[in-house]
Structure formats: C-alpha cells, structure tokens
There are 2 protein chains.
Amino acid sequence: MERERANPPRDAYRDPGGRTLADYPRPSVAVDTAVLTVPEGGALGIVLVRPGPGDDASARGRHRLPGTFLHEGERLAEAVLRSLRDKAGVTGLDPRQLHVFDDPDRDDRGRVLSVAHVVTVAARDLVIDETKVALVSVDRIPDLAYRHDAIVRLAVASLRAEYASVPDPRHLLEPPFTLHDLQALHEAIAGTRIPRDAFRRAMQGGLTETGRSRRGVVGKPARLFTIRSSS
Amino acid sequence: MERERANPPRDAYRDPGGRTLADYPRPSVAVDTAVLTVPEGGALGIVLVRPGPGDDASARGRHRLPGTFLHEGERLAEAVLRSLRDKAGVTGLDPRQLHVFDDPDRDDRGRVLSVAHVVTVAARDLVIDETKVALVSVDRIPDLAYRHDAIVRLAVASLRAEYASVPDPRHLLEPPFTLHDLQALHEAIAGTRIPRDAFRRAMQGGLTETGRSRRGVVGKPARLFTIRSSS
DNA sequence: CTAATAGTGTCTATCAGACACTATTAG
DNA sequence: CTAATAGTGTCTGATAGACACTATTAG
C-alpha cells in the first residue's frame, strides 16, 4: 500500500467546522490485562494486583488487573508489555485485544477508556512478586475494582475458544510433551474432564511424533510429541 | 455492585508519581463503522463514504468507512449512531465493537485510535444519500483510506460467524418469511451456495411455523416462519 | 397436461463418545 | 506376579450432504 507521508504538525488538519484534532475531547486511554497461566498440575489461574494503601477511592480494598495508561506515541500492545514487566519478568508475551470498556462510571478518577487485553504465560516463565500480585484460580475470583471481572470473563472465554480444537496455540507447554500432559493442560483451561480417546484423535492431526518416549515412571512409556509446524 | 461516587474534579486523582489524569497523553479517539446490508436479491453490501474535495491528504480520492471523533462524555456506541444518522436515517441499530486500530501511521492527521464497529441494517430500512455514500458489494471493495479495508474484513467475518447456525440474529428479514427467503439471505452473507435440505434441518430448530403460506407465485405455496423467541 | 417451486425420506460418510481390550513399564 | 499408565479397535448415535422422490400451485 503506497502512502505519501507529509508528517504534518499535529494541528495542521482542520475538519469542515474548522476544528483541529486538538479541539476534540481526548479521553485517557488505559490498558488492562488478564494474565492467564496454568500452574504445574493446577487449574487455570490469573494474576491479580493486590489492594494497597496508594489505591484511589474506587479501587480501595479490592484486587484488580495489572494495567497502565497509554504513553505518548506508544502502541497498545507496548503499553501492555510495559505494565507487565514490573509484575512478571516475562518475555515472548503476545497480547491480544479483547474489548474497549467505555462506561463513564467505570472509573471514579474521570473518563477513562480501558482497552482490555489477554496474555498467556507458560507456568515455567511466570515470575511474580507475591507482595504485589497474587495468582488466583479463575473460579475463585474475588470482587474486583474497575469492573475488571468482565475482562476476566472475556479472557477466559477467549482462551477456551482458542484451545477448543488446537493442541497448544499459546505454547503453554514445553515441547516435547506427552498426550497426558497436553490433556491435563486442556482440562485445566476448559475446567472440565475430556474423554481420553476422543482427545487423542482430535489432537493427533496437529502433533508431530518425535520417536522418543518419556521413561522412568510407572507404566508404559508415553510417546513424546511436538506441535506440527504447518500443513 | 455497591460503589461510592464522590464525583471528584477530574484532576483530583494523583498516581504514585504525582501525575494527574490530565498529565497522561490523551490520543484522539475515532469510531469507524462497517455498515453491512443485503439489498433485495443481491449480495452482501457495505456503505462507503465517497471521496470529496474536503478530504485530507491521506484520504484524498479514496473511499472510506463512515466515522467520527468521540465527543465529550459520549459512549462509543453513541458516537457510532451519531455518525450514521447523517448517512442513513435508520433507527434500531445495534453497533458491535470489533477492534481498536492503533497503528501510529494509519492517519496522517496525527495519533488517532480508531475503534472499529460493525452494524447491520435491513435493506428495507437503509436510506442513503447517493451523493455522499455508495452501497458496494463486499467483494468489489475499492482501495480504502485509513486502512479501513482491515475493518471491512473483520466485519464480514464477524457477520458470517454470527449467521453460521442461527436463522436471523440481526433481523435482516421482515417476518414472516419463507425458508427460501432465509436461504437467499444466508447465501448472500456467506457468499456461497448452501445445500437446500441441510439448510432446512439446520434452521428449523430456531424457527416457529405461523401456519400460513405465501401464495400467488408459481409452485407449491411456501410456509411462512418467524424467529423462535427462545427455548 | 407441463413447468416450477416446496417439502420429505433415506442412504452414506464422518465424527464424537463409550468401552473394552492390548501393550509396556516399575517394583 | 500386580499395579499403573499408554495406546488401539470397534460399536453406536448424531449429523451433514447427496439424491430421489412426493406435493401443490400457476397457467
């Protein structure tokens, strides 16, 4: 796509009424992120910021999602990564946008648009400061500030839809892995049991056999798989 | 949800660094909307704003989606409805949010976040001013300004997903209607032919028979249906 | 009658779940 | 050997598409 970039000063544009961009009201824009992970052998969990003494009135005493305000020239995904760098020293995150929450009463500090995001973090990569944040199971969510519970619901539904028919789109498992490991991951995300043989058949199209097996535990050795690259 | 509303002045809040909300950069926020409709006996169409003499440099000579900047205290959905009131005198619209486009180079006028929306309009309700906008088939989209082609693709995919297994979630058809009418609608939205008997069986769970038939045309009279309320 | 469209019964391939069976290891 | 886990073959019921057939109208 060819585009001439004149790089004009910000106020060069005037609309039919003679107004510049600066004449339009500009809301504050925040990003708030649901950080989802599956701890070793656990259920689907989410990272929540603990309430603290510096919280404003509307958030007082309640957990909330990690978030930040958008900085000058910053992209939304960059703001998400920046906001998470403090809480979890993780890399390789891939924020996905969920929805913009624009309810004027959502935040008592003023008019704030919140662009909700979701990221998934492999349990092995999640490093959190337990004094600042808590890792909570998604079916034990406390009362959240800023109506963040709606973001949590969207994030969980989004992740479940993604994992419905694909082995590990968010790379939550370290390859190579066994079908047993993969099924445990899917059951944690879905929050339900999955029939063993149906699961195997649903997944095998998306997996590549390594030829190796996991030894050393009781029982028949399980074959190790990796994600099928593409086909 | 109980919340105390102190209704503080906008700058009352100070973050840990002592900054108020006003100290954060606040981008312009626009809404841009894909208006989708199925004209009588036609294919899925979209309303595009024609290029005009008042367009800024980056839009010059290219069609674009109807859009506007967010006004003070206005909700996103309200801005969408306001922007469409000029182009199409329609009511009962139900804007759905698709995605925020935050590419800094997307708009030469400055930093503008665009919150993309989609609405669907029944052909019988769509009144457009042909000098200002054009109704174009979605598979004959011209080169669009502000990278609006990405919004069109999202909007079409969203509508197709909605109609995949539900008779008429967006009320594009005036009830009562025949299965033939409904199938023509679905084929226009999907852009493909659909097997007649499979379609009937897929839809019949979501329909209520009226007991009446449509007469007056050649052939066996077709039964008239309405949408099943709920079950 | 013929042409045209609406409506239905049934066959088949596919797929998900249930279930029973075999396979291979630790101890 | 037993206990435990991995892996597979097959049955059944639900579903989608193909297809042929019947039904009812206009003219």
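Small disclaimer: the values here were computed from a predicted structure and weren't measured. Note: hydrogens, waters and symmetry copies are ignored here, and every other heavy atom, side chains too, is used. Each chain gets a letter, A, B and so on, in the order its sequence line appears, and its residues count up from 1.
Within 3.5 Å, a donor on the side chain of B/Arg201 pairs with an acceptor on the base of C/dT10, or the reverse. At a cut-off of 3.5 angstrom, the base of D/dG7 holds no donor-acceptor pair with the side chain of A/Arg223.
Using a distance-only test at 3.5 Å, with no hydrogens or angles considered, no donor-acceptor pair links the side chain of A/Tyr146 to the main chain of A/Ser114. Looking only at distances, a side-chain donor or acceptor of A/Asp102 sits under 3.5 Å from a matching main-chain atom of B/Leu76. Of the possible polar contacts, none joining the B/Arg64 side chain to the B/Leu48 backbone as a donor-acceptor pair under 3.5 Å is found.
Set against D/dA18, D/dA6, D/dA20, the side chain of B/Pro195 has D/dA18 as its closest nucleotide. For A/Arg200, the listed nucleotide lying nearest its side chain is D/dT8; candidates were C/dT24, D/dT8, C/dT8. Closest approach to the A/Val218 side chain among D/dA3, C/dA23, C/dA6 is made by D/dA3 (side chain taken as heavy atoms from C-beta onward). Closest to the side chain of A/Ala222, out of D/dG7, D/dA18, C/dA26, is D/dG7.
Checking D/dA26 for Watson-Crick or G-U wobble geometry (two distances, each under 3.5 Å) identifies C/dT2 as its partner. In this entry C/dA13 has D/dT15 as its Watson-Crick or G-U wobble partner, both defining distances falling under 3.5 Å. Searching all strands for a Watson-Crick or G-U wobble partner of D/dG9 with both distances below 3.5 Å returns C/dC19.
Nucleotide D/dT5 holds its C1' atom 14 Å from the CG atom of A/Leu224, rounded to whole Å. The distance between atom CD of B/Gln183 and atom P of C/dT5, rounded to the nearest whole Å, is 13 Å. Following rounding to the nearest Å, A/Lys220 (NZ) and D/dA6 (P) show an atom-to-atom distance of 10 Å. Rounded to whole Å, the distance from CG on A/Leu207 to P on D/dG7 is 11 Å. The CZ-P distance, from A/Phe199 to C/dA18, rounds to 15 Å in whole Å. Across the protein-nucleic acid pair, A/Arg196 atom CZ and D/dT8 atom P stand 10 Å apart, rounded to whole Å. Between B/Phe225 atom CZ and C/dA6 atom C1' the separation is 10 Å, expressed in whole Å. As rounded to whole Å, 11 Å separates atom C1' of D/dG7 from atom CD of A/Gln204.
Residue B/Arg215 is classed as a sugar-phosphate contact, given heavy-atom separations below 4.0 Å to backbone atoms only.
With DNA chain C read from its 5' end, the first of the two nearest nucleotides for A/Pro221 and A/Ala202 is the one closest to A/Ala202. Toward the 5' end of DNA chain D, the nearer of the two residues B/Gly219 and B/Ala198, judged by each one's closest nucleotide, is B/Ala198.
A close approach under 4.0 Å does not occur between any side-chain nitrogen or oxygen of A/His180 and OP1 or OP2 of D/dT5.
With hydrogens and angles left out, the side-chain atoms of B/Arg223 and B/Thr178 include no donor and acceptor closer than 3.5 Å.
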| message | Before you tell me yes or no, could you show the steps for B/Phe101 and B/His99 under ring pair (Phe, Tyr, Trp, His ring centres under 6.0 Å), namely the whole-Å CA-CA distance, both residues' side-chain angles and the distance that decides it to 0.1 Å? | response | CA-CA 6 Å; B/Phe101 290 89; B/His99 193 79; 5.1 Å; yes

| task | Could you check A/Gln204 against A/Glu209 for side-chain contact (heavy atoms from CB on, under 4.5 Å), going step by step and ending with a plain yes or no? | result | CA-CA 9 Å; A/Gln204 65 193 7; A/Glu209 211 159 337; over 6 Å; no

